[in-house]
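Data block below; observations after.
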Amino acid sequence: GDSVTQMEGPVTLSEEAFLTINCTYTATGYPSLFWYVQYPGEGLQLLLKATKADDKGSNKGFEATYRKETTSFHLEKGSVQVSDSAVYFCALSDDTGRRALTFGSGTRLQVQP
Amino acid sequence: DGGITQSPKYLFRKEGQNVTLSCEQNLNHDAMYWYRQDPGQGLRLIYYSQIVNDFQKGDIAEGYSVSREKKESFPLTVTSAQKNPTAFYLCASSMNGQNYGYTFGSGTRLTVV
């Protein structure tokens with residue numbers, strides 16, 4: 001079945017540091033890939049997405065590139081802020097079967113001033 | 001503004017009691033989903049519905065039930081058969097199709113007392 005693997009957290013960075021959160025996936029067919037962000041006590045918000053190989057999703061300074069050859073969708077940001085502190089989830093939607101999102105376990109990011 | 005509303009935000013259940021979590025959306029989305037989130041873990045799919053009057057079991061459906069009588073509403077009942085119901089429950093909706101991300105509600109935190 002489909003699965004998503006994320007790097008374990010927490011990831012602790014100083015403000016203005018470079019961020020990478022690794023995400024790899026296993027899926028049949030040609031999935032779409034997503035990053036979601038969750039702030040404490042809230043639901044998830046869509047951060048960015050990519051629907052085919054080599055697509056780059058971007059939003060609010062975050063970027064991720066759909067790499068089919070390495071089955072990866074790593075999240076990056078050049079300069080993090082304290083307000084970026086949250087839990088980040090990688091997810092995929094397969095083009096076969098049920099088409100419900102499969103989520104990774106989440107990576108907590110803590111940005112210190 | 002369109003959105004997805006979950007209620008209540010906090011819910012307490014006694015042992016052996018059934019409780020129902022509400023989820024309403026006015027986004028005209030066809031598909032709706034229920035996920036369970038446990039501390040430090042990812043989201044696990046409970047049930048989903050891609051059309052009115054139809055729904056499918058997800059990965060952890062045992063002890064839960066749903067209905068989809070209206071496009072806007074997808075209530076989740078946590079029955080007494082669910083042995084460990086304390087968790088954060090998230091409802092989401094989307095257009096049907098692989099490339100659409102979800103819109104999430106703000107969640108309901110259920111605690112067994």
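In what follows, every heavy atom counts, from backbone to side chain, and hydrogens, waters and symmetry copies are set aside. A note on names: the letters A, B, ... follow the listed sequences, proteins ahead of strands, and every chain is numbered from 1. Bear in mind the structure is a predicted one, so any value in this text is a computation, not a measurement.
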Heavy-atom side-chain proximity of A:L101 to B:Y33 below 4.5 angstrom
no
In the single-linkage hydrophobic clustering (I, L, V, M, F, W, Y; side-chain heavy atoms under 4.5 Å), do B:Y48 and A:F89 co-cluster?
yes
May I ask you to check whether over 12 heavy atoms, not counting those of A:R108, lie within 6.0 Å of atom CZ?
no
Using a cut-off of 6.0 Å, state whether more than 12 heavy atoms not belonging to B:K9 lie near its atom NZ.
yes
Crowding at CD, A:E76 (>12 non-hydrogen neighbours, <6.0 Å)
yes
Neighbours of chain A found in residues 67-88 of chain B - heavy atoms under 4.5 Å:
B:F88
Considering only heavy atoms from C-beta outward, does the side chain of B:Q37 approach that of A:V87 to under 4.5 Å?
no
How about B:Y10: does its OH atom have over 12 heavy atoms from other parts shown lying under 6.0 Å from it?
no
Is the shortest heavy-atom distance from the side chain of A:L46 to the side chain of B:Y102 under 4.5 Å?
no
Output the distance between atom OG1 (B:T103) and atom CG (A:L44), rounded to the nearest 0.5 Å.
11.5 Å
Residue B:E62 excluded, over 12 heavy atoms near CD under 6.0 Å
no
Same cluster (ILVMFWY, side-chain, under 4.5 Å), B:W34 and B:M32
yes
Is A:Q38 close to chain B through its backbone or its side chain, or both, or neither, when contacts mean heavy atoms under 4.5 Å?
side chain
Checking B:L43 against chain A: side chain, backbone, both or neither under 4.5 Å from a heavy atom?
both
Answer yes if B:V52 and B:V66 sit in the same cluster of Ile, Leu, Val, Met, Phe, Trp and Tyr residues linked by side chain heavy atoms under 4.5 Å apart, and no otherwise.
no
